[in-house]
Amino acid sequence: MEKKSGKVKAILFSILVMIVFFVVLTIGQYIVLFPEMMKAVTEEGMTNTTDILTLLTEKEGLMANAQFVGEIVVIAVMAIWYYFGIVKKEKLEGTYEPVSKKFENKYNLLFVAILILTGSFALFTTYTLVNLAIPEVVEEFTQVMGGLTDNALGLIAIIVGAPLSEEMAVRGIIMKRTKKSYGLIGCMIISGICFGIMHANIVQGIYAIPLGMVYGYIAYKFNSIIPTIIGHAFHNGLGGYILEVVGGPGAVIGLVLCLIALYFVSKKVDIPESKTEEVLSSVEENREATEEMFVEE
């Protein structure tokens with residue numbers, strides 16, 4: 001009963017983090033958008049919300065600037081939460097350890113690199129299937145995304161801002177909490193679903209899930225968000241170009257080749273158990289021993 005309660009609390013905590021993320025991001029975006037909205041009302045005489053939003057999206061660079069400011073604000077909030085809620089706490093408990101120790105084995109680094117590519121190719125494959133099922137929606141989404149790359153600030157928000165904020169939130173704050181109540185598969189599923197929801201549109205919401213699950217695996221196994229931040233930045237920066245080059249069939253082939261490579265490289269991988277995992281394992285063993293003692297009595 002207690003274990004089930006812990007799982008429910010972990011889910012509720014994940015929802016809380018997602019809500020905070022969206023609220024803070026929106027506040028940051030409206031720092032840029034609100035003055036333009038007021039101009040549309042006072043100078044253009046607009047009163048219809050849809051017309052105002054359409055006008056804002058048509059202004060070159062505006063949405064990109066809003067996304068950039070939004071990312072800056074949410075990064076600041078997530079960084080404070082992540083450091084004081086996790087990193088500082090682990091340092092005080094003596095369970096904090098740098099991720100570099102996990103990569104003393106060169107095959108671990110190769111394994112993560114292939115995992116990152118696997119996640120990207122899984123996303124490309126899912127995107128191709130989504131595009132075949134709902135091409136009109138994908139086309140509309142592509143046009144909206146194009147507005148976020150109008151200028152350098154938009155590109156920075158996508159390539160640097162999003163990886164930092166989203167990884168701290170999902171693979172950092174949420175993962176650290178869910179890891180206490182769920183195993184690897186459960187954490188991967190929660191990571192994928194949260195990652196999909198975080199993108200707030202049906203297209204990305206669907207195809208981001210497999211990538212989120214792969215990143216969840218990496219964060220769980222290596223107990224760090226640094227590899228996933230790097231992988232996320234790589235994907236956001238070069239993913240579109242890679243997909244354009246390889247196409248849908250190439251994405252499937254790439255995914256298969258990555259899975260084959262993972263099979264052989266995984267035999268050489270040796271991931272040391274983190275101090276946090278040792279503590280959690282010890283707590284679980286003590287809990288089970290206590291339960292057995294009461295049963296015997």
* **Steps toward side-chain contact (heavy atoms from CB on, under 4.5 Å) verdict (F103, V112)** => CA-CA 10 Å; F103 293 105; V112 169; 3.6 Å; yes

* Asked: Would I189 and M213 count as a side-chain contact (heavy atoms from CB on, under 4.5 Å) if you check the C-alpha gap in whole Å, the side-chain angles of each, and the deciding distance to 0.1 Å?
  -> CA-CA 6 Å; I189 292 172; M213 292 182 70; 4.2 Å; yes

* Check step by step if side-chain contact (heavy atoms from CB on, under 4.5 Å) holds for I174 and M18. => CA-CA 9 Å; I174 290 177; M18 297 290 287; 4.2 Å; yes

* **Derivation and outcome, side chain to side chain donor-acceptor pair (under 3.5 Å), residues E90 and T95** => CA-CA 5 Å; E90 287 185 351; T95 58; 4.7 Å; no

* Asked: Between E167 and R171, does a salt bridge (charged side-chain N to carboxylate O under 4.0 Å, His left out) hold up when you go through it step by step?
  -> CA-CA 5 Å; E167 294 307 317; R171 258 69 64 176; 2.7 Å; yes

* Asked: Is there a side-chain contact (heavy atoms from CB on, under 4.5 Å) between V20 and M78 once you walk through the steps?
  -> CA-CA 9 Å; V20 172; M78 291 298 119; 4.0 Å; yes

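Here the closest heavy-atom approach between residue M198 and residue A169 is recorded as CE-CB, 4.0 Å. The heavy-atom pair separating N48 from T50 by the smallest distance is OD1-N, 2.9 Å. Shown here for C194 and V170, the closest heavy-atom pair between the two residues is CB-CG1, 4.2 Å. Of all the heavy atoms in L55 and A40, the pair that sits closest is CD2-CB, 3.8 Å. Closest heavy-atom contact between I209 and G196: CG1-CA, 4.3 Å. What you find for I114 and C258 is that their closest heavy atoms are CG2-O, 3.6 Å.
Taking CG of L115 as the start and OG of S120 as the end, the distance is 11.0 Å to the nearest 0.5 Å. One distance of note links CG of L123 with CZ of F195; it measures 8.0 Å at 0.5 Å rounding. Here the CD atom belonging to E36 is positioned 9.0 Å from the CD atom belonging to E43, to the nearest 0.5 angstrom. The structure places NZ of K221 at 10.0 Å from CE of M188, a figure rounded to the nearest 0.5 Å. With rounding to the nearest 0.5 Å, the separation of CG in L25 from CD in Q67 is 5.5 Å. Rounding to the nearest 0.5 Å gives a distance of 10.5 Å between CE of M168 and OG1 of T228.
The side-chain heavy atoms of T125 and Y207, taken from C-beta on, include no pair separated by under 4.5 Å. Within the 4.5 Å cutoff, side-chain heavy atoms of V41 are placed close to those of I52. Using a 4.5 Å cut-off on side-chain heavy atoms (C-beta onward), E71 and L164 make no contact. At a threshold of 4.5 Å between non-hydrogen side-chain atoms, the residues Y30 and M37 count as touching. When side chains are defined from C-beta on, I242 counts as touching F234, because their heavy atoms get closer than 4.5 Å. Side-chain contact between L255 and T118 is present, with heavy atoms from C-beta onward closer than 4.5 Å. With contacts defined as side-chain heavy-atom distances shorter than 4.5 Å, the pair V69/Q29 does not qualify. Taking 4.5 Å as the limit, some side-chain heavy atom of F68 sits within range of a side-chain heavy atom of I72.
With S181 contributing its side chain and G6 its backbone, the two residues share a donor-acceptor pair below 3.5 Å. Within the 3.5 Å criterion, the main-chain N or O of H199 finds a donor-acceptor partner in the side chain of N201. With hydrogens and angles ignored, the 3.5 Å screen pairs a side-chain donor or acceptor of N108 with a backbone N or O of D270.
The hydrophobic cluster containing I271 does not contain Y263, counting ILVMFWY residues as joined when their side-chain heavy atoms lie under 4.5 angstrom apart, directly or transitively. A continuous path of ILVMFWY side-chain contacts below 4.5 Å connects I80 to I19, so both sit in one hydrophobic cluster. Cluster annotation: L259 is connected to I185 through the hydrophobic network of ILVMFWY side chains, with a link wherever side-chain heavy atoms come within less than 4.5 Å. Follow the hydrophobic side-chain contacts under 4.5 Å out from L56 and you reach I31 in the same cluster. Clustering ILVMFWY residues whenever any of their side-chain heavy atoms sit less than 4.5 angstrom apart, transitively, puts F21 in the very cluster that holds F84.
With Y220 as the aromatic partner, K179 meets the cation-pi criteria of under 6.0 angstrom to the ring centre and within 45 degrees of the ring axis.
Side chains of N65 and N151: a donor-acceptor N/O pair is present below 3.5 angstrom, by distance only. Checked by atom type, the side-chain pair N223/K176 shows a donor-acceptor distance below 3.5 Å.
Heavy atoms of other residues, nucleotides or ligands lying less than 6.0 angstrom from CG of L257 number more than 12. Within 6.0 Å of CZ on F13 lie more than 12 heavy atoms contributed by other residues, nucleotides or ligands. Counting heavy atoms of neighbouring residues, nucleotides and ligands inside a 6.0 Å radius, atom CZ of F34 does not exceed 12 of them.
Note: F222 and F111 have tilted aromatic rings, judged against thresholds of 30 and 60 degrees for the angle between ring planes.
Aromatic ring centres of H235 and F121 lie farther apart than the 6.0 Å criterion allows.
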